[in-house]
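Remarks on the structure that follows.
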Amino acid sequence: MATDPDNKPPAPGRRSFRDAVLASGLVTAAEFDAAEAVARARLAAGEAAGPSPRPLDDVIADVLVEQGKLTPFQLREIRMGHTRFRLGQYTVIDEIGRGGMGQVFKAEHALMGRIVAVKVLPRSKATPESEAAFRREMRILGRLDHENVVRAFDAGYDAQVYYLVTEFVPGRDVRRHVKKYGPLDETSAASVFVQVAKALAFAHGEGIVHRDVKPGNILVMHDGRVKVADLGLAGSTLEAEALQLGRVVGTMDYIAPEQIRTPDAVGPAADIYALGCSMYFALSGKVPFPDGTRSDKMRRHLKEAPTPLHRVAPHVSQPLCRIVEAMMAKDVADRIGTAADVIQQLSRWAPERPVPLPRTSASRPAAGASANNESLADSWLDADSGVSAGSASDPATAGDSTWPRRRDATFGGDAGVSAAF
C-alpha cells in the first residue's frame, strides 16, 4: 500500500486496507488497483478533498462502494478486520437482524444471483440442544410450500455452523408498520389477517403449530401480500422431539393461556389466540396487556380480559371487535375453532385481493402505542423496503431495530473466522 502522507502505512501486525479487501475475496487485485487509480485522480483534482484532505483508503472505499464491488455492510466489516463473507454458495451482503436463535443476513447466490435471507446459528450459541432445534427448523420449513409462508430454499453446514436459506421478503412487518404509521383500518387489517389465517390453516393441516404468531412475524409486501415468518419455533405434532421442549415457547404479549399451563401440549388453538392478540395490536396500536413483567403478562393472559377493543380502537365496528375478542377467549372451547373459521368470519371485511397497507393511521395512535412491550426475540426476517431493518443503509429505520446490535458478535478476528461463521 502507498505510504504517502495522506495514507499512512498500517501499524505493525495490522493488515493494510488493500490486504483486508483482497482477503475477503469480494474484490480482485485488478479491481482494487482500478479503484485506487480513480481515487488518486479524485484526490489530485481536489474532488475528494472536503474540509480537510481525506486518506486515500477512504476514497478508495467510496469508489468500491460506488462501483458495486462492496456493500456498505461489507466495507464496515472489512474495516473492522473481518473478511469472511461466504457460506456455501452464498455471499453475505448485509445484516438483517439477530435474535435468540441466530443471526440473519441478506445474501446473494454466487451463480444464480438470487437475493435470499440466510439464518445462521452462531458458533457462540451452538449447543447440542440449539443445533437440534436448528435442524428441526430446517426440516419444518422444508415441508412448507404456501404463498403466505416464507419459503425455504436451501440449508447446509459450512465453516462449522448450520445455515438456513429462505426467500428475502421486501416489505415491512406489521409491528413496524403500526409503530410507524399507527393502527390499521378494518379493510387493511382483514386483508392481512385473512392471509395469515390461510398460512396457519395450511401449517395446521401439515401438523405444525406456529407457537409464536405475532405482528413482528407477519411480513407485508408493498402490494399487500403477506408472508408468515418464524415457523421454525413451531412444534410439529408429527415429530416426537418437538413435543419434549418442556418450556414455554412464544412471546409474552401474544401467548395463549394453554401455552403457559401445558407448553408441551399445544395445539392449533394457541395460534388462533395469538392471531387475535396480533389483530388487537394491529387495530389499536396496543398489545392486550401492555404493562408489567413477563410474570405479570403470563398471569393476565391466564386470568384477565384485556381492555375491550372498541375502547382502545373506537374506529373498529362492534362486529369486528367481537370476532377479535372471540379469537382471544381464554378457554379453547369458547375460542374461534380453526384458522378456516377465522377466514370465513373475516371475509365480510376482507377485499378479494390483497391491498397495500396505508401510510396513514386509521385513528390517532393510542398513547404509548409502540412495540416496546414485545419480546426482544422479534422477527428474524424484518426487512423494510427491501433493506435490512435498523441498518445504516436505511435511514428510516436506522437504530430502530429491537435486535441487539452487538457488532463484535457478527464476525470476528482478523483471520476472518467469525463468531457467526
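More than 12 heavy atoms of other residues, nucleotides or ligands sit less than 6.0 Å from atom CZ of Arg335.
Taking 4.0 Å as the cut-off between side-chain N and carboxylate O, Glu129 and Arg135 do not count as a salt-bridged pair. With respect to Lys297 and Asp253, a salt bridge is recorded, a charged nitrogen being found less than 4.0 Å from a carboxylate O. Taking the charged nitrogens against the carboxylate oxygens, Lys286 and Asp291 have no contact shorter than 4.0 Å, which rules out a salt bridge.
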Subject >> salt bridge (charged side-chain N to carboxylate O under 4.0 Å, His left out) between Lys227 and Glu167, worked out >> reply: CA-CA 10 Å; Lys227 298 276 188 177; Glu167 62 182 318; 3.1 Å; yes
Original post:
After noting the C-alpha distance and the side-chain angles of Arg18 and Asp57, does the key distance pass the salt bridge (charged side-chain N to carboxylate O under 4.0 Å, His left out) rule?
Top reply: CA-CA 8 Å; Arg18 176 192 171 91; Asp57 284 349; over 6 Å; no
**OP:** Go through Leu283 and Leu320 one step at a time and tell me if the side-chain contact (heavy atoms from CB on, under 4.5 Å) criterion holds.
**Re:** CA-CA 10 Å; Leu283 289 165; Leu320 184 55; 4.3 Å; yes
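The backbone N or O of Ser191 lies less than 3.5 Å from a partner atom in the side chain of Gln195, making a donor-acceptor pair.
For the pair Ile208/Phe202, no side-chain contact is recorded, criterion being any heavy-atom separation below 4.5 Å from C-beta on. Proximity of Arg79 to Asp58: side-chain heavy atoms (C-beta onward) are separated by under 4.5 Å at one or more points. Side-chain contact between Val27 and Phe32 is present, with at least one heavy-atom pair separated by less than 4.5 Å. Two residues are said to be in side-chain contact when any heavy atoms from C-beta on lie closer than 4.5 Å; Leu144 and Arg151 fail this criterion.
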